[in-house]
2 protein chains.
Amino acid sequence: MADVAALAGVSHQTVSRVLNDHPNVRAGTRDQVMEAIRQLGYRRNRAARALATSHSSTIGILTIGSEFFGPQSTVLAIEAAARAQGYFVTVTALDRYDAHSSTEALNHLVDQGVDGVVMVAPFEKVIDALDDAALKIPVVVVAARTTVPESDPAHYVYVDQREGARIATGHLLALGHRKIAHVSGPTGWFDATERQIGWQEKMLEAQAPVIEVPAESWLAPSGYEAGKRLVDSVRAGEVTAVFAANDYLATGILRAFWEAGVEVPTDVSVIGFDDLQISNFLIPSLTTVRQPFRDVGHAALTELLEGVTADKTPKVIAPTLVIRASTAPPKSQ
Amino acid sequence: MADVAALAGVSHQTVSRVLNDHPNVRAGTRDQVMEAIRQLGYRRNRAARALATSHSSTIGILTIGSEFFGPQSTVLAIEAAARAQGYFVTVTALDRYDAHSSTEALNHLVDQGVDGVVMVAPFEKVIDALDDAALKIPVVVVAARTTVPESDPAHYVYVDQREGARIATGHLLALGHRKIAHVSGPTGWFDATERQIGWQEKMLEAQAPVIEVPAESWLAPSGYEAGKRLVDSVRAGEVTAVFAANDYLATGILRAFWEAGVEVPTDVSVIGFDDLQISNFLIPSLTTVRQPFRDVGHAALTELLEGVTADKTPKVIAPTLVIRASTAPPKSQ
DNA sequence: CGATGCAATGTTAGCGCTAACAATTTGTGA
DNA sequence: TCACAAATTGTTAGCGCTAACATTGCATCG
């Protein structure tokens, strides 16, 4: 910076002012400084800047360390939004889905000196890390946590999972189904809980039976297992439709039904959640609930940057139904 | 740090020494300092440290801003490896797959003051950004660039795409296929080029015909289009097997064949590349080539951290064949 | 024409840490 | 016991930037 100042014939402080868009700099001076910067290929040292200003223009993202569609998409969206705002993004992934691992990851981010943290890890234990850390920086949690205690300092942003489940279930009910099983996501995940509640609410409203098949994970193998368990019920006419907690599970279910010779949607309808890139190309193409992850990412960043002033009401984003070929009216008995 | 020093009854420099594991500190002193740190909940300021040492313990990852399986998996693997080494990871995604966007992203990372960059964006234009930037920090590129000019300062780490394609093609040839079409990935991507070359090499060695159907993108819709174009050839017996450049494309192809009533693997075999989470649950389950992304991530980080001393020979990692139900011998005419 | 005010620039003092050197303590052998 | 080396600790000086205050220059007005 001293070199730039010398070349431009000004003091280093004037260079600093130009760089920080300070108003009281004459246009001519500014141009000289800019030209000097260009000639020297000067780049401001961010460490020094961070030291002097005591903020880093960096936000931390805590995410789960697996190839899950939703969190991954959200992280990308947050990164894009942050970059547009001139922020840097430091990502830390979780080794395991427990409180200890979450606390460790959170500390790692805080050590980095981030100005704020977005947690994209929608399982319940991650909340414990918040309590443990007692942070002095703003935190946004992307998770459908509907009951947040007053004491919780975090802001919440999420897609309305419960409503998504209600939409999915409503779609099946509207087609004439009443025997709708739910292959629910693993315990301990907000999304799984909310989707289960939304489905159950809707079923009770319709006075329809509640048939739940819990899956052990979010992934296709668990869906496949659940599908196999459902085959007999479908053949017996006890289940005419399945609401899977996500599209991976739905893929496994479709596979299990196909192996058993159960036809979708003739014998049974299947609906998923997420809308994966390949959901439209499954056999049959999968009706599902789409989540606007880009909006989530954008909302999360906005909430983080303006959050200190704003109210703590959760920002809730609506999902949409995507109707494809895996759902149809039940066959008449 | 001054507070810690005061509480421990030592100088701030001794605290610094404890923190940096300097050998010449008496055990008792070290314990006192650690205790003071604990009591005060002290955290070292990384900006100040970075300023004093002029390195940030942060590595930058440049990646593509989409939900592509391979790059995403690689990024996660690098992050995990970096965290294990005490490094922070700053991620920047690309808006578009061109040189300008790449240069911008790279500059964004350099501005951040990273100690090194890993580029996980295996399209050819990204290389131009390297030339433009003329970096003074180490760079590792995760891309199957087989001909690297001497002048290129970057280190390369990649899965042997060409060999993967040879394995896939060899598998089909071994089953008795000779009319093997390749649905190739979009132009401008190293992986697409290499897979095409591997397939072509193997076909020429076997003196088999070379039938290529280029796809416009890496995604299922392009595979679907390619599949539709292949249906007639399959019916005419001109194509008995398809090697898709990745599993998304293969999913679209399977779908197109299913719609046309072309049965896999009875009428035609299909093999993919990547091994997605759901590839085993497609109908039929997809034979594919698996890439060990975790190894790639690990190798990339090692190369980055030790790269200055090491030779510049690319680190090449071998893929493996995963045989499932989508490939079978051709039906006898 | 001098006093006044404001815009533009310069000067100084840290931000919290580490590197380099200085000073002190401790241990060792003659 | 003392000289000397080694281990341990302390002191000083930045790293490159920004904040706060000081100074200069210039226009405006009575």
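Each chain gets a letter, A, B and so on, in the order its sequence line appears, and its residues count up from 1. Computation of the quantities below employed the complete heavy-atom set of this structure, encompassing side-chain atoms and omitting hydrogens, waters and symmetry-equivalent molecules.
Within the nucleic acid shown, S11(B) comes within 4.0 Å of at least one base atom, counting heavy atoms only.
The stretch residues 30-39 of chain A does not touch DNA chain C, since none of its heavy atoms comes less than 4.0 Å from the strand.
Put simply, T29(B) has a side-chain N or O that comes within less than 4.0 Å of OP1 or OP2 on dT9(D).
Classification of the F123(A)-Y97(A) ring pair by plane angle, with boundaries at 30° and 60°, yields tilted.
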* Structure fact -> Its contact letters, B for base, S for sugar-phosphate only and - for none at protein heavy atoms under 4.0 Å, make nucleotides 15-28 of chain C read BBBBBB--------
Which donor-acceptor pairs under 3.5 Å do side chains of residues 23-32 of chain A form with protein atoms, sequence neighbours excluded?
{"unit_1": "R30(A)", "atom_1": "NH2", "unit_2": "V25(A)", "atom_2": "O", "d": "3.4"}

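Not counting sequence neighbours, A52(A) has no partner by the side chain to side chain contact (heavy atoms under 4.5 Å, CB included) test. Partners of N45(B) according to the side chain to side chain contact (heavy atoms under 4.5 Å, CB included) rule, which considers only residues two or more places apart in sequence or in another chain, are L51(A), A47(B), A48(B).
Side-chain contact, T58(B) with R46(B): a donor N or O sits under 3.5 Å from an acceptor N or O.
Listed by first then second residue, pairs satisfying ring-ring contact (aromatic ring centres under 6.0 Å, His included) with a partner in residues 7-66 of chain B number zero, not counting sequence neighbours.
Atom CZ of R294(B) has 12 or fewer neighbouring heavy atoms from other residues, nucleotides or ligands inside a 6.0 Å radius.
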* Intermediate values then yes/no, side chain to side chain contact (heavy atoms under 4.5 Å, CB included), H108(A) and T90(A) -> CA-CA 10 Å; H108(A) 188 252; T90(A) 290; 5.9 Å; no
